[in-house]
> 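Starting off with a structure, shown below.
Every heavy atom of this structure was used, including side-chain atoms; hydrogens, water molecules and symmetry mates were not. Residue numbers count from 1 along this sequence.
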Amino acid sequence: MEGDRLEPAVTIKNIERELICPACKELFTHPLILPCQHSICHKCVKEILFFTLEDSFTDLGSESSNQSSPRIRIHSPSLDRIDRVNRSGWKRNSLTPRTTIFPCPGCRHDVDLGERGINGLFRNFTLETIVERYRQAARAATAIMCDVCKPPPQESTKSCMDCSASYCNECFKIHHPWGTVKAQHEYVGPTTNFRPKILMCPEHEMERVNMYCEICRRPVCHLCKLGGSHANHRVTTMSTAYKTLKEKLSKDIEYLISKESQVKGQISELGLLMKETECNGERAKEEASNNFDKLFDVLEERRSAALRAIEASKNLRLEKLQTQIEEYQGLLENSGLVGYAQEVLKETDQSCFVQTAKQLHVRIQKATESLKSFRPAAQTSFEDYVIDITKQEEVLGDLSFYSSGLDVPEINEEKSRMYNNALICWEHLVKEDSADTYILEYRKLNREEENATWQEIEACSKSKVISDLENNSSYAFRVRGYKGSICSPWSREVILHTPAAPVFSFLFDDKCGYNSERLMLNPRRTSVESRAGFPLLLGAERIQVGCYTTLDYIIGDTGITKGKHFWAFHVESYSYLVKVGVASNTKLKEWLHNPRDVTSPRYEQDSGHDSGSEDTCFDSSQPFTLITLGMNKFFIPKAPTAPKDSANRILPMPSCIGICLDCDRGKVGFYDADHMKCLYERQVDCSGTMYPAFALMGSAGIHLEEAITAKYLEYRDDM
């Protein structure tokens with residue numbers, strides 16, 4: 001009998017993991033069922049909602065709110081989550097009820113608690129009962145005491161489910177006398193888990209649940225089905241739902257039990273994998289330690305060699321200086337060379353004196369010359385023996401796990417873009433998809449600070465957007481790939497430049513002056529092409545000599561009145577003639593509202609009447625500036641100081657052209673946008689509203705950069 005009671009207790013203890021609340025990491029206490037079917041303690045639900053709302057009014061970086069409640073162990077809510085929680089609840093003076101958004105700690109998703117919030121959740125009585133059985137099995141001999149005994153309380157023998165209290169034999173007889181209503185109460189063995197006999201609807205508290213909503217997967221009452229939130233949902237009877245779910249659960253449990261040998265085999269396999277992982281980890285640590293020992297040995301060898309070389313040089317120099325000291329000491333009276341010479345002078349035999357004095361005189365002359373031009377025999381500085389370890393420090397700083405099989409990624413400068421944000425793209429030249437993740441590092445190149453700190457950002461794809469870059473600055477980028485703990489070497493550093501001003505966003509204007517007969521806009525208004533129309537052919541019939549065409553203008557749909565702005569675009573390589581720049585609203589009215597005769601020689605582009613007028617006047621700033629592009633060339637406008645040879649004014653046309661307009665200074669510049677290099681700059685009158693202006697003649701095409709149109713159109717999430 002006692003053994004039968006112990007067997008289920010052992011089984012209960014094996015399921016402790018399923019009885020832990022995901023929020024407080026303790027055994028469930030009055031668990032509630034969330035709409036996502038996860039359970040959480042009633043107290044935890046209230047605390048999470050309270051602290052989430054409280055965090056929205058305090059510093060998100062502080063942890064004081066979580067420290068005040070040791071029960072809760074959840075991540076700090078994100079800004080968007082707090083915003084959603086703040087919008088939950090009832091809105092004053094609103095006829096539309098608001099719902100409560102709750103961050104489930106089990107699945108990490110936001111769930112809608114409905115209009116009633118916590119009050120609309122069911123208690124998980126089944127889970128509560130299992131937890132109580134677990135508690136009883138865990139405390140084993142710990143007795144449940146009588147709730148109504150006078151101190152000291154006696155051990156209880158019964159628990160009344162109607163009174164929600166436990167009693168000893170004597171107290172039970174007193175409070176449940178025979179022949180009274182209380183004598184009919186339901187009683188069970190001693191327990192602390194008192195659950196109601198009937199499950200009531202949380203929305204209609206006086207109604208018992210008798211149906212099951214198959215859409216929401218929760219019990220409902222008949223009022224919920226008649227006119228409540230489940231009116232249009234598919235429901236079934238509680239008995240049918242009970243039978244169906246019990247059959248499914250039983251079959252699933254039977255299937256798992258039948259696979260018990262397979263599960264045990266997989267557990268054994270996982271155990272072996274753990275041992276293998278431990279062995280491989282120790283082997284990797286040993287190998288890494290050996291490699292570092294080799295480095296230490298190399299450094300120690302080089303250290304010893306360097307110290308020996310310095311010591312040898314020091315001894316040699318000291319020896320030379322010591323010899324020089326001795327030579328100079330010989331020049332003193334009565335010592336050394338001078339003393340010897342004084343003794344030679346005492347010789348009276350002429351032939352003997354001449355024989356000795358000749359060599360002595362040479363030595364005396366050398367000593368005299370050395371006095372006139374004193375120079376130490378050796379240098380005291382050891383600057384030639386200073387070891388440069390800059391490169392070695394950088395290499396050792398990048399020391400990491402490396403596999404020759406992991407391909408080095410290379411940054412693609414053509415696909416990368418630098419505007420307000422930087423879109424950096426890279427690729428593998430040898431092996432595709434050889435890395436799982438990447439680390440992209442970047443730093444601003446500053447003359448004042450040569451070794452700026454690298455900032456890193458992780459990427460799971462072969463491109464990444466970096467925000468908050470400074471205008472008119474240069475940045476260096478490099479990337480490396482990771483596959484598990486193995487990483488590739490760093491890629492070659494690529495230097496990119498940000499524009500001189502913030503990006504100005506606009507689209508082509510399809511209304512003001514747009515000629516649909518000769519210009520063709522794409523639906524998104526990001527590119528325009530010129531085409532030879534039927535009116536040109538009709539006009540050609542009236543022409544005897546030559547065919548005169550005009551420029552077809554198109555402008556941006558947004559004007560500029562102040563500040564500094566930058567935009568960029570591509571001109572198709574096949575374009576015959578394109579003019580790009582800026583123009584004021586008054587000048588645009590003159591151009592767009594006075595159409596030119598297609599066959600009139602007065603307005604021929606090369607006739608001198610109108611052609612290039614925007615380029616010929618440099619004495620005063622005008623309310624427009626246009627430069628000419630065409631046939632893959634960039635034509636710098638004429639200037640009084642410019643050379644007469646036109647070849648010096650013709651540059652190769654950049655693949656991407658940028659324009660920077662500074663209204664405050666009254667200047668406009670034209671850039672090679674790929675390298676952010678200014679090709680031409682001049683004054684412009686910005687007293688009116690300035691618009692990006694474009695003109696096309698013949699076959700030509702212009703495409704705005706995506707960053708220029710991103711304000712209006714939806715693109716990839718990262719750009």
> Do you know the tightest heavy-atom contact between E413 and L496?
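Taking every non-hydrogen atom into account, OE1-CD2, 4.4 Å.
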> List the steps and the verdict of side chain to side chain contact (heavy atoms under 4.5 Å, CB included) for Y671 and I659.
CA-CA 6 Å; Y671 286 74; I659 297 179; over 6 Å; no
> When you look at V582 and W567, which way does the side chain to side chain contact (heavy atoms under 4.5 Å, CB included) test go after all the steps?
CA-CA 11 Å; V582 294; W567 60 92; 3.6 Å; yes
> Using side-chain heavy atoms (C-beta onward) and a distance below 4.5 Å, is M418 in contact with L423?
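SC-SC contact between M418 and L423 ruled out.
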> Does Q392, at its CD atom, have more than 12 non-hydrogen atoms belonging to other residues, nucleotides or ligands within less than 6.0 Å?
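Enclosed: over 12 neighbouring heavy atoms sit under 6.0 Å from CD of Q392.
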> To the closest 0.5 Å, what do you measure between CG (N290) and CG (L295)?
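Nearest 0.5 Å value for the CG-CG distance: 11.5 Å.
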> Before we go on, tell me: are the rings of W454 and Y442 under 6.0 Å apart, centre to centre?
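W454 vs Y442: aromatic centres not under 6.0 Å.
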> Regarding R303 and E300, does a basic nitrogen lie under 4.0 Å from an acidic carboxylate oxygen?
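Result for this pair is yes, salt bridge flagged.
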> Working to the nearest 0.5 angstrom, can you tell me the gap between L440 CG and S491 OG?
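Reported to 0.5 Å precision, the distance equals 8.0 Å.
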> Looking at N280, I want to see if its CG is surrounded by more than 12 non-hydrogen atoms of other residues, nucleotides or ligands under 6.0 Å.
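Above 12, so yes.
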> Report the residues that fulfil salt bridge (charged side-chain N to carboxylate O under 4.0 Å, His left out) with E493, sequence neighbours left out, ordered by chain and then residue number.
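Result, salt bridge (charged side-chain N to carboxylate O under 4.0 Å, His left out) vs E493: none returned.
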> Could you walk me through whether R308 and E311 satisfy the salt bridge (charged side-chain N to carboxylate O under 4.0 Å, His left out) test, starting with their C-alpha distance in whole Å, then the side-chain angles of each, then the deciding distance to 0.1 Å, before giving a yes or no?
CA-CA 5 Å; R308 286 197 301 269; E311 183 68 20; over 6 Å; no
> Do side-chain atoms of S313 reach the backbone of A309 as a donor and acceptor pair under 3.5 angstrom?
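It does not hold such a pair.
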> Indicate yes or no for a side-chain donor-acceptor contact from S488 to the backbone of R480 under 3.5 Å, with no hydrogens or angles considered.
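No: the side chain of S488 does not pair with the backbone of R480.
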> Answer yes or no: is there a donor N or O on one side and an acceptor on the other, between the side chain of T498 and the main chain of S473, under 3.5 Å?
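Present.
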> Taking atom NZ of K314 and atom CG of L307, what is their separation to the nearest 0.5 Å?
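The CG atom of L307 is 10.5 Å from NZ of K314, to the nearest 0.5 Å.
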> Sub-3.5 Å donor-acceptor pair from the side chain of Q324 to the main-chain atoms of A377, do we have one?
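Side chain of Q324 to backbone of A377: a pair is present.
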> Looking at NZ of K320 and CD of Q379, how far apart are the two atoms once the value is rounded to the nearest 0.5 Å?
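So the gap between those two atoms works out to 10.0 Å.
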> Would you say the side-chain atoms of S573 pair up with the backbone N or O of N632, donor to acceptor, closer than 3.5 Å?
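No; judged by distance alone, with no hydrogens or angles, the pair does not exist.
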> After noting the C-alpha distance and the side-chain angles of M653 and V571, does the key distance pass the side chain to side chain contact (heavy atoms under 4.5 Å, CB included) rule?
CA-CA 9 Å; M653 185 173 69; V571 175; 4.0 Å; yes
> Just wondering, more than 12 heavy atoms not from L345 lying within 6.0 Å of its CG?
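Count over threshold, so yes.
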> Suppose the criterion is salt bridge (charged side-chain N to carboxylate O under 4.0 Å, His left out): which pairs have a residue in residues 273-288, not counting sequence neighbours?
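Sorted result for residues 273-288: E282-K285.
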> How about E572 and H703: does a side-chain donor come under 3.5 Å of a side-chain acceptor?
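Yes.
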> Under a plain distance cut-off of 3.5 Å, with no hydrogens placed, do D674 and S655 share a side-chain donor-acceptor pair?
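Looking only at side-chain atoms, D674 and S655 do form a donor-acceptor pair, the distance falling under 3.5 Å.
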> Nearest 0.5 Å please: distance from the CG atom of L661 over to the CZ atom of F504.
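Here the rounded value is 9.0 Å.
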> I want to check something: taking the side chain as every heavy atom from C-beta on, are I627 and Y680 in contact at a cut-off of under 4.5 Å?
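Counting from C-beta outward, I627 and Y680 do come under 4.5 Å.
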> Can you name the ring pair (Phe, Tyr, Trp, His ring centres under 6.0 Å) partners of F353, sequence neighbours left out?
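Scan of F353 (ring pair (Phe, Tyr, Trp, His ring centres under 6.0 Å), adjacent residues dropped) gives none.
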> Less than 4.5 Å apart, side chain to side chain, heavy atoms only: is that true for R317 and F382?
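With C-beta onward as the side chain, the pair touches.
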> Salt bridge or not for E427 and K462, using N-O below 4.0 Å?
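Looking at E427 and K462, the cut-off is not met.
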> Using side-chain heavy atoms (C-beta onward) and a distance below 4.5 Å, is K667 in contact with Q683?
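K667 reaches Q683 side chain to side chain.
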> Taking the side chain as C-beta and beyond, is there a heavy-atom pair between I424 and K464 under 4.5 Å?
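Contact flag for I424/K464 side chains = no.
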> Is the closest side-chain heavy-atom distance between C656 and E705 below 4.5 Å?
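Yes - at least one pair of side-chain heavy atoms lies under 4.5 Å apart.
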> Donor-acceptor pair, H565 side chain versus K562 backbone, under 3.5 Å?
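Between the backbone of K562 and the side chain of H565 there is a qualifying donor-acceptor contact (under 3.5 Å).
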> Checking the side chain of S268 only, and the main-chain atoms of K264 only, is there a donor and an acceptor separated by less than 3.5 Å?
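Between the backbone of K264 and the side chain of S268 there is a qualifying donor-acceptor contact (under 3.5 Å).
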> Side-chain contact, heavy-atom cut-off 4.5 Å: F566 with N471?
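F566 does not reach N471 side chain to side chain.
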> Less than 6.0 Å separating the ring centroids of H428 and Y438?
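Yes: the rings meet the under 6.0 Å criterion.
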> Going by atom types only, do E470 and Y475 share a side-chain donor-acceptor pair under 3.5 Å?
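Distance-only check fails for E470 and Y475.
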> Could you check if a side-chain atom of F670 sits within less than 4.5 angstrom of a side-chain atom of C678, using non-hydrogen atoms only?
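F670 does not reach C678 side chain to side chain.
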> To the nearest 0.5 Å, what is the distance between CG on L469 and CG on N421?
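Nearest 0.5 Å value for the CG-CG distance: 7.0 Å.
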> Evaluate V578 against I702 for side chain to side chain contact (heavy atoms under 4.5 Å, CB included), listing each step before the verdict.
CA-CA 9 Å; V578 172; I702 302 175; 3.6 Å; yes
